[in-house]
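Data first, discussion second: the structure below is written as structure tokens.
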Amino acid sequence: AQAGLTLITVVFSDFLSLIIAHFWENPRNTCLAHPFLRHTNMATPASTSTKIFASTIRQLRPCCSSWMPLLSATRSIHQARSGLESPRYFTTVGVPPPTAPPVPPIPSTKMPDPPTEPPTEPPSPSPSSSSSSSSSSSSLWPLHLDWRRLPSVECSIGYGSGVFRQAGYDQVKRPMVDLVLVVREDNLHSWHSQNLEMNPEHYSGSMRALGPSAIGFVQSWGPGLYYNPNVKLETAGGSFIEAKYGVITVEKLMQDLEDWEFMYMAGRMHKPCLIEFYGENFELRDRIRQGIDSNRRAALAAALLKCSWSCTENRQVDTLSLLNALVNLSYGGDVRVGLAENPNKVSNIVKSQSAELLSIYEPFAQELDITFEGLDSGEQLQDCPVHYDRSPMGHSRFMNVLPKSFLQKMEAGHNGKTPLSEDNDLFDRTLSSIVRASSLVQSGKGVVTAGPARSARYLLEKVKKRFS
């Protein structure tokens, strides 16, 4: 109920907060001369409805003391933005302001530019870091972002068709980049405060007005991500790329990677990702890398169980089926699948990124005594069998690799008729329920965080891509 009330309040205020603030200060105005209208030379004489609205505001003012804190905050932001000569606050989403002054680097927190400066620490040979951020990947589309244009973060995670090329997409024109920025929990409020100053056009009007505290509250819902879609991010070379970037805290990220609490970031990081660390908190780097390894080790075990359950005793699991099962783990139950997602998304990823996927998972396969036959001889993936222990003991071993909290959810729905390590239907139901809940909450949050107009634009682009 609280979340629903907040959603209604935020969306409603997106349309009315600036108008109310304007009439509250100037109840006798005869012209709706909002700074945005003045800037675009669209100011028009007040209509009868406008005068009635102003009169209503004058009559309600004495009995609206409970609204004063919100209106005061809205009025302050309105006045501060109205005083700017540059129309940056009202710049069309995704278009950089032509006269905006350069943003100076933040002292002592400036992040290094990954393309031009060497990392402060040699990359770890662990499977997650070496395979996820290798610049030698044939399908990788480097970012080369100018990180001075954003507040400092602990690490960035690039994923999707805008970072790793996928079959079925234009290989020349870059799709929208999906990017997640990881920040510390104790720095979240400060991060959004700085970003509101540096990039106010990235946020919807309602969230700009409500401020960083409200942004952090909305971000805490569900998987803990706050996305700004359809924005322009500047590169080190001065050009711009279209992106959808999210913000997540280290704690929420680790909760998903280690426990599969939401299977949101965990699912995205089953696939190839471009992971880059900043700063000198090496302890935090190791913690995140270990979480990534744990997530991917569990994903390999889960995918192998899925393949094993669907195969007869006389049929071997092949490498292509295993990779498809790996990529598909986080799509079962996703509310977007069938409406705004390409139905061939899994096969497109595997087709274009099979080398990266094998590079990621081969070290974990060795840990679990899994071998791939025929990869070195150039055989087709469907002709390369996967060898592993298919006995009940082997299945139990793979089951024990899954996150403990996930196993507890399976046990809660277990009827005892089938061994837990052999219950395919229970596994599917448990995983789908997690994915469905998190995708539903995150999709609903998109209307709040992006605003109705930008959300509609983003959805139309997804649907267009779905049926193209």
Side-chain angles (χ1 to χ4, degrees), residues 123-134 136-140 159 164-167 266-275 289-290 292-332 344-403 421-422 424 427 431:
S124 168
S126 66
S128 63
S129 60
S130 60
S131 60
S132 300
S133 57
S134 172
S136 60
S137 168
S138 60
S139 65
L140 178 64
Y159 63 92
F164 289 88
R165 291 177 175 85
Q166 293 180 17
R268 280 148 181 77
M269 298 187 75
H270 291 164
K271 279 79 79 176
C273 297
L274 179 64
I275 305 170
R289 284 170 174 162
Q290 289 171 9
I292 296 170
D293 287 353
S294 175
N295 173 49
R296 288 174 168 171
R297 187 181 297 107
L300 178 60
L304 201 52
L305 283 170
K306 289 284 297 175
C307 291
S308 186
W309 289 328
S310 61
C311 286
T312 62
E313 292 184 2
N314 299 327
R315 180 189 169 197
Q316 288 183 311
V317 175
D318 62 82
T319 303
L320 181 62
S321 298
L322 179 59
L323 295 183
N324 280 323
L326 260 169
V327 173
N328 195 49
L329 282 176
S330 61
Y331 290 118
N344 301 318
K345 191 177 187 70
V346 171
S347 60
N348 288 342
I349 293 174
V350 173
K351 182 178 179 179
S352 300
Q353 302 171 22
S354 58
E356 289 81 3
L357 287 165
L358 289 170
S359 176
I360 289 172
Y361 286 102
E362 277 184 320
F364 301 119
Q366 293 177 11
E367 294 179 17
L368 300 174
D369 296 326
I370 302 168
T371 58
F372 301 95
E373 180 184 333
L375 292 179
D376 296 334
S377 60
E379 297 286 342
Q380 296 293 320
L381 294 179
Q382 62 266 28
D383 298 326
C384 297
V386 181
H387 300 288
Y388 60 97
D389 185 357
R390 301 181 64 174
S391 69
M393 288 287 291
H395 285 187
S396 295
R397 180 188 177 191
F398 294 141
M399 186 67 69
N400 289 332
V401 176
L402 303 183
S421 60
E422 304 297 331
N424 182 19
F427 178 91
L431 188 61

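Applying the salt bridge (charged side-chain N to carboxylate O under 4.0 Å, His left out) rule to Arg268 yields no partners; only residues at least two apart in sequence or on another chain are considered. Applying the side-chain contact (heavy atoms from CB on, under 4.5 Å) criterion to Ala303, with sequence neighbours excluded, gives Leu322, Ala325, Leu326. With sequence neighbours excluded, the residues that form a side chain to side chain donor-acceptor pair (under 3.5 Å) with Glu422 are His395. Under the side chain to side chain donor-acceptor pair (under 3.5 Å) criterion, Asp318 pairs with Ser321, not counting sequence neighbours. Under the side chain to side chain donor-acceptor pair (under 3.5 Å) criterion, Thr319 pairs with no residue at all, not counting sequence neighbours. Listed by chain and number, the residues in a ring pair (Phe, Tyr, Trp, His ring centres under 6.0 Å) with Tyr159 amount to none (sequence neighbours excluded). For Ser347, there are no side chain to side chain donor-acceptor pair (under 3.5 Å) partners, not counting sequence neighbours.
Checking side-chain atoms of Trp309 against main-chain N and O of Ser421 turns up a donor-acceptor pair under 3.5 Å. Checked by atom type and distance alone, the side chain of Asn348 pairs as donor or acceptor with a backbone atom of Asn344 at under 3.5 Å. Listed for the Tyr361 side chain is no donor-acceptor partner under 3.5 Å among the backbone atoms of Ala299. Of the possible polar contacts, one joining the Arg296 side chain to the Met269 backbone as a donor-acceptor pair under 3.5 Å is found.
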Output, in order, the C-alpha distance, side-chain angles, deciding distance and verdict of side chain to side chain contact (heavy atoms under 4.5 Å, CB included) for Phe364 and Ile370.
CA-CA 8 Å; Phe364 301 119; Ile370 302 168; over 6 Å; no
Side chain to side chain contact (heavy atoms under 4.5 Å, CB included) evaluation trace for His270 with Leu357
CA-CA 9 Å; His270 291 164; Leu357 287 165; over 6 Å; no
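Remark: of the listed residues Lys306, Gln316, Arg390, Arg390 is the sole one forming a side-chain contact (heavy atoms from CB on, under 4.5 Å) with Cys311.
The CG atom of Leu304 sits 8.5 Å away from atom CG of Leu368, with the distance rounded to the nearest 0.5 Å. Distance check: Arg297 CZ to Ile292 CD1 gives 12.0 Å after rounding to the nearest 0.5 Å. Within the model, atoms CG of Leu300 and CD of Glu362 stand 10.5 Å from one another, a figure rounded to the nearest 0.5 Å. Interatomic distance, NZ of Lys345 versus NZ of Lys271, reported as 8.0 Å (0.5 Å rounding). The distance from atom CD of Gln366 to atom CZ of Phe372, rounded to the nearest 0.5 Å, is 9.5 Å. Annotation: the span from Arg165 atom CZ to Ser352 atom OG amounts to 10.0 Å, rounded to 0.5 Å.
The shortest non-hydrogen separation linking Leu402 to Ala302 is CD2-CB, 3.8 Å. In this structure, Val317 and Cys307 approach most closely via the heavy-atom pair CG1-CB, 3.6 Å.
Listed by first then second residue, pairs satisfying salt bridge (Lys or Arg N to Asp or Glu O under 4.0 Å) with a partner in residues 394-403 read Asp369-Arg397, not counting sequence neighbours.
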Distance-only check: which donor-acceptor pairs under 3.5 Å involve side-chain atoms of residues 381-389, not counting sequence neighbours?
residue : atom : partner : partner atom : Å
His387  : NE2  : Glu373  : OE1          : 2.5
Tyr388  : OH   : Ser308  : OG           : 3.3
Asp389  : OD1  : Ser391  : N            : 3.0
Asp389  : OD1  : Ser391  : OG           : 2.7
Asp389  : OD2  : Ser391  : OG           : 3.4

